[in-house]
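First the proteins, then the strands, lettered A, B, ... as listed; each starts at 1. Because the structure is predicted, anything quoted here is derived from the model rather than measured.
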Protein chains: 2
Amino acid sequence: MPTQCRYCPLQRKDAFLPLSKDELSFMEKFKSGELTVEPGTPILLEGSNAPQLFTALSGMGIRDKTLENGKRQVINFVFPGDFIGLQAGVMGEMGHSVEARTHMRLCVFNRSEFYNFFKSHPERAFDITWLAAIEEHFMGEVLATIGQRTATQSVAWALVKIFERGRSLGMVTQNQMPLPYTQRDLADALGLSLVHTNKTLAALKERQLLSWSDRILQINDLEALAKEGLTSLEGRQKRPLM
Amino acid sequence: MPTQCRYCPLQRKDAFLPLSKDELSFMEKFKSGELTVEPGTPILLEGSNAPQLFTALSGMGIRDKTLENGKRQVINFVFPGDFIGLQAGVMGEMGHSVEARTHMRLCVFNRSEFYNFFKSHPERAFDITWLAAIEEHFMGEVLATIGQRTATQSVAWALVKIFERGRSLGMVTQNQMPLPYTQRDLADALGLSLVHTNKTLAALKERQLLSWSDRILQINDLEALAKEGLTSLEGRQKRPLM
DNA sequence: CGCACAGTTGATATTTCTCAATAAGGGTGG
DNA sequence: CCACCCTTATTGAGAAATATCAACTGTGCG
């Protein structure tokens, strides 16, 4: 028996908007189970028409897509609370793949009930659209990063964003947070070569702004790093949780 | 008195899913008017909390955002049928600006009724989410382009996408379609410098694949151009129209 | 006429990529 | 337990792609 939504640990994180009792019990009906996967497990495949949607409950993953020439683009990193599979749910086909990078626990929803969802709970339907808009907003920022920032600025920007995200989820302790990705993942996310990403990271480390090894990211001067990344530290606003 | 939705010329384009009579009359209530703007007019501003949402009825525009260092990223190009202002509608703040590039006619919706929308017409709410998912899907492709394709591949890819989009809207006659953007727009969309974009276009023209001058894009060999852009010509599927 | 903007072109500078080699760690089979 | 292999990270050197700078053209417009 999966944990009931009212006991969902994400509920209590202040990164998320709280759900009403009514909404919670509705989500419990919508929830069809839980899925636990190990690192490296594919969760959704690009081009697939998946019958299930997920919310990441714990652990981290990655979204990516592959070009005809074999090159890979990382779309973004999956954190707890992320909704996975919207594209399949509404368009019938994923534009990217999702893969676990750590042990992950996922809340599973049945796609066949997705449309019902809109019918019976407009507030929740609105929240899904909200999530989609947040995603679109963020992807605009990523576009601007890959398109307009230099390698150093890009890396700084990305790590600031990741760190802020981690902080809002309570993953940061003493300026450190777990970051279970490889330099290749970051390189593919930023449209940079692995080698150049490595050298860029080394330079930032040299400047004492951060260190990232053994899957631990430590940021020593977030302000300075944000400045380097041509961004500022806005307080992250709460988002809906599915 | 604005044109009633049932007479909307976009309705009849086969790029869009048809609306039921019921939906049409509902949209007429939701519609608060029409807006006509001239080239260069800003429609929505990055960071603004706009009270209105739009659907482009005719004409073309551009979405862009500006970095702290003044660099500009074009997010995408606005075509007839595009829904504008979702981010403001649901998050309360636009992540990019929208500006007219030709004379444009816009269908105006009142944001204050946006939430109602979800309550009273779940099918239409679903369609909004669908549009958001399409946008997200496309932006993933753009990310992969800027991040992984070479300049030549990027330009070829972009023009193929634009041409396909134009074709689905009936804007193509004899391999030609209007393209009221500048080379700078395209450069800023692809994260390339203006000069390099110009030379890349010249090379593609030299190869007789296309020509683009006087705001007219002509593609001579779409197949070959698609191949150059590492993409294929999938039949574009119908999308919802707001 | 003169100015602003879009496009074009050549020369040069810089960033970033590719190639190649090395090192460290984890896992596995013998 | 050791030898081997695979992945990840690291570093140096040279190559390629792309950016920057600068000059020039044509066009539309007040």
*asked:* Has A/Gln73 got a side-chain atom pairing as donor or acceptor with A/Asp188's backbone, closer than 3.5 angstrom?
replied: yes

Under a 4.0 Å heavy-atom cutoff, the residues of residues 190-209 of chain A touching DNA chain C are A/Gly191, A/Leu192, A/Ser193, A/Val195, A/His196

5' to 3', nucleotides 24-29 of chain D under a 4.0 Å protein heavy-atom cut-off (B base, S sugar-phosphate only, - none) gives ------

Rounded to whole Å, the CZ-C1' distance (B/Arg184 to D/dA19) equals 12 Å

Donor-acceptor side-chain pairing of A/Glu46 and A/His96 below 3.5 angstrom
no

Would you find a donor on one side and an acceptor on the other, under 3.5 Å apart, between the side chain of A/Asp221 and the backbone of A/Leu209? no

note: A/Gln148, atom CD; C/dT16, atom C1'; distance rounded to Å ~ 16 Å

note: A/Arg215, atom CZ; C/dA24, atom P; distance rounded to Å ~ 21 Å

Check: Would you say the side chain of B/Met171 lies within less than 4.5 Å of the side chain of B/Phe79, judging by non-hydrogen atoms?
Finding: yes

For this session: Might you confirm whether atom CD of B/Gln237 has over 12 heavy atoms from other residues, nucleotides or ligands at distances under 6.0 Å?
Result: no

From CG of A/Asp214 across to C1' of D/dT8 the rounded distance in Å is 11 Å

Heavy-atom closest pair (A/Met177 atom, A/Phe163 atom, distance to 0.1 Å) is SD-CA, 3.7 Å

At under 4.0 Å, does any side-chain N or O of A/Gln183 touch on OP1 or OP2 of D/dT7?
no

Rounded to whole Å, CG of A/Leu179 lies from C1' of D/dA9 at a distance of 15 Å

### Message
Let's go through A/Asp185 and A/Gln183 carefully: what are the C-alpha distance in whole Å and the side-chain angles of both, what is the deciding distance for side chain to side chain donor-acceptor pair (under 3.5 Å) to 0.1 Å, and is it a yes or a no?
### Response
CA-CA 5 Å; A/Asp185 289 331; A/Gln183 293 186 0; over 6 Å; no

Worked check of ring-ring contact (aromatic ring centres under 6.0 Å, His included) between B/Phe109 and B/Phe54
CA-CA 6 Å; B/Phe109 304 114; B/Phe54 310 92; 8.5 Å; no

Using side-chain heavy atoms (C-beta onward) and a distance below 4.5 Å, is A/Thr55 in contact with A/Ile84? no

note: A/Arg101, atom CZ; D/dT8, atom C1'; distance rounded to Å ~ 12 Å

Within residues 59-68 of chain A, the residues having a heavy atom closer than 4.0 Å to DNA chain D are none

* **Side-chain touch A/Trp157/A/Glu141, heavy atoms, less than 4.5 angstrom** => yes

- Query: Do B/Asn76 and B/Glu135 get their side chains close enough for a donor-acceptor pair, meaning under 3.5 Å?
  - Reply: yes

Please classify the nucleic acid contact of A/Thr150 as base, sugar-phosphate, or nothing, using heavy-atom distances under 4.0 Å.
sugar-phosphate

